[in-house]
Amino acid sequence: MTKWLFALLLLTLLPVNVTAESAEEKGLAIAVEADKRDNGWADQVSRLKMVLRNRRGDQSTRENRSRVLEVNGDGDKSLIVFDSPRDVKGTAFLSYTHAIKPDDQWLYLPALKRVKRISSSNKSGPFMGSEFAYEDISSQEVEKYSYKYLKDERLDGRDTFVIERYPQYKHSGYKRQVVWVDKQMYQPLKIEYYDRKNALLKTLTYHEYQQYLDRYWRSGRMEMVNHQTGKSTTLHWLEYKFQTGLTERDFDRNTLKRAK
Amino acid sequence: MRIVGMRKASYLLVLLSFVFVTPPLVCGGEWSGYIAGEYRYFPHDPIDPRQHGNNYSIAFEPEYYTEWSDGQQSLTIVPYARFDQHDDKRSHFDLREFTWLFAEEVWELRVGIRKLFWGVTESQHLVDIINQTDLVEFPDGEQKLGQPMINLAFIQDWGTIDLFVLPYFRERTFPGVNGRLRSHPRVDVDRARYESSREETHIDCALRWAHSIDYWDIGLSEFYGTSRDPSFILEANTSGENVFIPIYNIIHQTGLDIQATVESWLWKLEVIRRSGQGETYSAATGGLEYTFFGLFDTGADLGLVVEYLYDDRGEDANTPFEDDIFAGVRFTLNDVQSTEALLGIVSDREDEAVVYALEASRRIADSWTLEIDARVYTNISASDPLYSFRNDDFLQLVLAYHF
């Protein structure tokens with residue numbers, strides 16, 4: 001009996017001993033696996049509803065529609081069209097994300113009919129006045145961070161890897177992020193954002209995960225809380241659709257002008 | 001008479017649209033738009049006693065949009081109306097848009113009345129030539145009239161080629177006798193003259209190539225047709241009053257606009273060369289914009305804009321911006337109310353005239369916005385085209401409801 005137990009113990013320890021990977025390697029391996037599992041969805045279309053709350057609990061709502069094109073070997077392309085507040089209706093934001101070099105971003109202003117190329121150095125700036133920064137919602141390429149595995153932990157009844165990641169791109173508002181990655185889905189359940197002074201700034205939690213095309217997990221609701229200001233933002237992702245047949249052409253500057 | 005001509009053209013377009021686009025009218029669509037109340041405060045007495053002081057005005061711009069065949073075709077209708085307390089020329093109606101769009105994989109066809117914009121600079125828009133300026137709206141000339149057009153765009157890997165046929169010309173609007181922010185003497189729009197015997201039915205054409213390469217955005221354009229900005233001659237009308245008569249020449253204009261977006265820097269240049277309106281001339285606007293993002297660890301941005309405005313006709317130019325410097329500071333709070341403010345000055349290097357400009361806006365609740373605009377004209381010499389504005393410093397408040 002003890003012999004058998006000992007053998008079992010040895011067996012479970014074996015992989016760790018054989019590979020002897022460092023915490024950095026294991027962190028990277030988790031990120032690579034997550035990226036690999038979320039590969040091949042081609043394009044996705046969804047509606048996005050944002051509820052912004054200030055410290056006193058006053059609410060305001062923003063609605064927009066998002067389209068994303070998966071680009072192999074580079075960051076994704078995305079187009080976001082604003083529906084509300086009504087004064088910015090028809091405003092559209094086109095972004096070609098890149099792993100390390102700066103993203104290309106254009107803004108279409110419908111009142112002036114003007115397409116403006118804008119600086120993408122504002123990665124840490126608030127997206128539509130919310131608690132989400134541009135860098136929180138843009139495409140999460142493996143190369144954007146370096147990684148370190150911290151520990152395994154149970155979070156709300158689910159097994160997770162806890163990894164720490166450090167932004168490698170310029171102009172990040174963060175020194176580091178701690179990510180709880182679900183072991184089954186290989187998707188984040190929670191992210192803690194630490195500002196450049198290494199103080200806890202925000203916590204993001206993911207809820208209502210659903211699987212699409214029997215493969216891709218997407219969260220239906222994301223809650224971001226800013227610990228320093230007391231403000232919070234809820235993102236509701238609605239009507240997810242995948243592989244709708246979008247092409248590069250749906251993400252060019254001409255499309256931006258007629259996005260409605 | 002001209003209004004009738006315009007109506008005819010509009011009816012023709014409406015008719016054409018019905019032929020092409022019967023399906024959407026039964027498919028429903030969506031309405032949006034705004035209604036805005038405006039108040040202008042002028043602290044100084046007007047130059048002409050027929051002009052008024054403070055002024056109230058209301059503008060209404062609904063938009064109807066519908067699309068069909070999976071978004072490949074769409075129809076946009078945007079009428080616009082303004083009612084002004086004192087200026088009967090400023091009270092006006094326009095069809096800003098009435099466009100049918102057909103989009104294919106490598107081309108897009110647009111037929112109807114439309115507004116569009118070309119260019120990159122902030123202080124003036126030299127390259128932007130397709131739409132006529134609706135000058136009664138605001139003295140900066142950024143408000144435009146709808147332009148009837150057939151526009152075919154070809155989208156290629158090496159850029160987009162846009163071809164335009166512009167079958168009907170729109171005359172520039174100018175404030176009436178009772179309006180402020182006008183020239184002295186006033187412009188008599190009813191006696192406009194044309195170089196072309198076809199007058200406003202001269203068929204204008206334009207061609208543009210635009211492309212983005214890495215951090216460069218480049219546009220090259222060619223326009224042949226009726227100049228959007230008129231020259232003027234001074235004449236006495238039947239009642240003996242001196243008035244400016246607008247003259248619309250047939251011009252060629254080549255335009256180039258370039259922007260380089262490098263980190264927090266935007267480098268901008270617009271150059272035009274125009275022939276057919278007096279001596280052939282060149283004009284340029286060039287400068288840069290630098291933004292400090294996330295000022296003082298907040299979400300707010302502070303942008304600095306500096307541009308140089310040049311026209312090689314010098315003091316003979318029909319523009320006040322022939323050797324001027326624009327400097328501006330832009331605050332963007334990135335807050336829930338989208339609070340923004342731009343404070344700028346345009347300074348003439350020659351005659352030392354300085355114009356101060358403030359443009360600020362903020363959302364109130366979910367559906368309302370408040371805009372504050374102000375202009376102060378100082379040190380304007382008698383030879384400056386802005387001399388007529390010397391008593392017209394103003395503060396403008398616009399409260400708009402968006403639906």
Side-chain angles (χ1 to χ4, degrees), chain A residues 52-54 58-62 83-90 96 101-102 104-106 108-131 133 170-171 173 195-197 228-229 231 233 245 247-250 252-255 257-260, chain B residues 30 32-34 63 65 67 71 74 76 101 103 105-106 108 110 114-120 128 131 142 144 153 155 160 210 212 214-215 217 259-266 289-291 293-294 297 299-301 332-338 361 363 365-369 400-403:
Chain A
L52 283 51
R53 277 176 228 89
N54 66 13
D58 299 337
Q59 283 194 6
S60 79
T61 308
R62 274 124 185 67
D83 287 326
S84 82
R86 298 302 274 178
D87 60 295
V88 293
K89 185 190 179 316
Y96 297 175
K101 77 170 190 156
D104 304 322
Q105 297 178 342
W106 293 266
Y108 176 65
L109 305 167
L112 300 170
K113 307 287 165 200
R114 184 170 178 180
V115 175
K116 258 185 162 178
R117 174 78 170 262
I118 57 174
S119 167
S120 62
S121 299
N122 60 339
K123 288 199 184 294
S124 58
F127 179 73
M128 291 186 84
S130 75
E131 296 313 306
K170 258 184 166 175
H171 309 296
D195 66 17
R196 272 178 277 200
K197 292 174 199 138
Q228 295 181 5
T229 63
K231 295 180 189 171
T233 299
T247 64
E248 299 268 337
R249 175 76 171 86
D250 295 292
D252 66 25
R253 292 191 307 165
N254 298 286
T255 310
K257 283 184 243 175
R258 60 186 169 85
K260 290 275 185 180
Chain B
E30 57 173 281
S32 58
Y34 68 86
E63 171 167 346
Y65 174 79
E67 59 177 41
S74 68
T76 309
L101 162 75
E105 185 61 28
V106 293
E108 289 173 5
R110 290 174 171 87
R114 217 180 129 217
K115 283 203 304 178
L116 57 87
F117 179 87
W118 297 346
V120 291
D128 188 36
N131 289 88
E142 295 210 351
K144 300 290 174 180
I155 297 108
T160 298
S212 292
D214 204 7
Y215 54 80
D217 285 64
Q259 181 176 319
T261 307
V262 185
E263 303 257 304
S264 304
W265 295 91
L266 311 180
E289 182 165 347
Y290 182 84
T291 307
F293 292 106
D297 277 337
D301 303 333
T332 313
L333 291 192
N334 292 314
D335 55 352
V336 177
Q337 294 82 17
S338 302
S361 65
R363 183 178 307 110
D366 273 345
S367 307
W368 296 81
T369 52
Y401 173 75
H402 303 265
F403 57 92

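Computed over heavy atoms, backbone and side chain alike; hydrogens, waters and symmetry mates excluded. By convention in this document, chain letters (A, B, ...) are assigned in the order of the sequence lines, proteins followed by strands, and residues within each chain are numbered from 1.
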| note | If one checks every heavy atom of Thr332(B) against chain A at 4.5 Å, the contacting part turns out to be neither
| said: For a 4.5 angstrom cut-off between non-hydrogen side-chain atoms, does His402(B) reach Pro85(A)? | reply: no
| said: What I'd like to find out is whether the side chain of Trp265(B) reaches to under 4.5 Å of the side chain of Ser121(A), using heavy atoms alone. | reply: no
| request: Examine whether an atom of Asp250(A) lies under 4.5 Å from a heavy atom of chain B, and if so say whether it belongs to the side chain, the backbone or both; otherwise answer neither. | output: neither
| Salt-bridge present (Arg86(A), Asp366(B); N to O < 4.0 Å) | no
| Residue Asp214(B) versus chain A: region with a heavy atom under 4.5 Å | both
| said: Between Glu30(B) and Lys89(A), does any NZ, NE, NH1 or NH2 come within less than 4.0 Å of an OD or OE carboxylate oxygen? | reply: yes
| Tell me, side chain or backbone of Ala133(A) under 4.5 Å from chain B's heavy atoms, or both, or neither? | neither
| message | Can you tell me which portion of Thr369(B) sits under 4.5 Å from chain A's heavy atoms? Options are side chain, backbone, both or neither. | response | side chain
| request: Evaluate the criterion side chain to side chain contact (heavy atoms under 4.5 Å, CB included) for residue pair Leu112(A) and Lys144(B); output intermediate values, then yes/no. | output: CA-CA 9 Å; Leu112(A) 300 170; Lys144(B) 300 290 174 180; over 6 Å; no
| Phe293(B) versus Ser119(A): any side-chain heavy-atom pair under 4.5 Å? | yes
| field | Heavy-atom donor-acceptor pair, Arg62(A) side chain to Val336(B) backbone, under 3.5 Å | value | yes
| chain A contact via Phe403(B) - which portion, at a heavy-atom distance below 4.5 Å | backbone
| request: Name the region of Tyr401(B), side chain, backbone, both or neither, that has any atom closer than 4.5 Å to a heavy atom of chain A. | output: neither
| message | To the nearest 0.5 Å, what is the distance between CG on Asn122(A) and CG on Asn334(B)? | response | 7.5 Å
| remark: chain A shares the most heavy-atom pairs under 4.5 Å, among Ser264(B), Ser338(B), Gly119(B), Gly33(B), with Ser264(B)
| query | Any sub-3.5 Å donor-acceptor pair from Gln259(B)'s side-chain atoms to Arg117(A)'s backbone N or O? | reply | yes
| task | Kindly compute the distance separating CD1 (Ile155(B)) from CZ (Arg249(A)), expressed to the nearest 0.5 Å. | result | 3.5 Å
| Residue pair Lys113(A) / Asn131(B), side-chain heavy-atom distance below 4.5 Å | no
| message | At a 4.5 Å cut-off on heavy atoms, which part of Arg114(B) comes close to chain A: side chain, backbone, both, or neither? | response | neither
| Per-residue contact mode, Asp335(B) against chain A (heavy atom under 4.5 angstrom) | backbone
| Would you say the side-chain atoms of Asp87(A) and Trp368(B) include a donor-acceptor pair closer than 3.5 Å? | no
| said: If you count heavy-atom pairs within less than 4.5 Å of chain A, which of Gln337(B), Lys115(B), Glu142(B) leads? | reply: Lys115(B)
| remark: The interface call for Lys116(A) against chain B, heavy-atom contacts under 4.5 Å, is side chain
| remark: Rounded to the nearest 0.5 Å, the OG1 atom of Thr255(A) sits from the CD atom of Glu108(B) at a distance of 6.5 Å
| task | Measure distances from Leu116(B) to the heavy atoms of chain A and classify the residue's part below 4.5 Å as side chain, backbone, both or neither. | result | backbone
| task | Indicate yes or no: at least one non-hydrogen side-chain atom of Asp217(B) is less than 4.5 angstrom from one of Trp106(A). | result | yes
| Any sub-3.5 Å donor-acceptor pair from Arg114(A)'s side-chain atoms to Phe117(B)'s backbone N or O? | no
| Side chain / backbone / both / neither for Arg253(A) at chain B, heavy atoms under 4.5 Å | side chain
| query | Can you tell me how far the CD atom of Glu105(B) sits from the OG1 atom of Thr247(A), to the nearest 0.5 Å? | reply | 4.5 Å
| task | Against chain A, work out which of Ser212(B), Ala365(B), Gly299(B), Gly294(B) has the most heavy-atom pairs shorter than 4.5 Å and name it. | result | Ser212(B)
| message | Tell me whether Tyr215(B) at atom OH has more than 12 heavy atoms from other residues, nucleotides or ligands lying less than 6.0 Å away. | response | no
| task | Can you measure from NZ (Lys170(A)) to CD (Glu263(B)) and round to the nearest 0.5 angstrom? | result | 3.5 Å
| message | Counting only non-hydrogen atoms closer than 4.5 Å, does Thr291(B) touch chain A with its backbone (N, CA, C, O), its side chain (CB onward), both, or neither? | response | neither
| said: Given heavy-atom pairs under 4.5 angstrom as the criterion, report whether the side chain, backbone, both or neither of Ala210(B) touches chain A. | reply: both
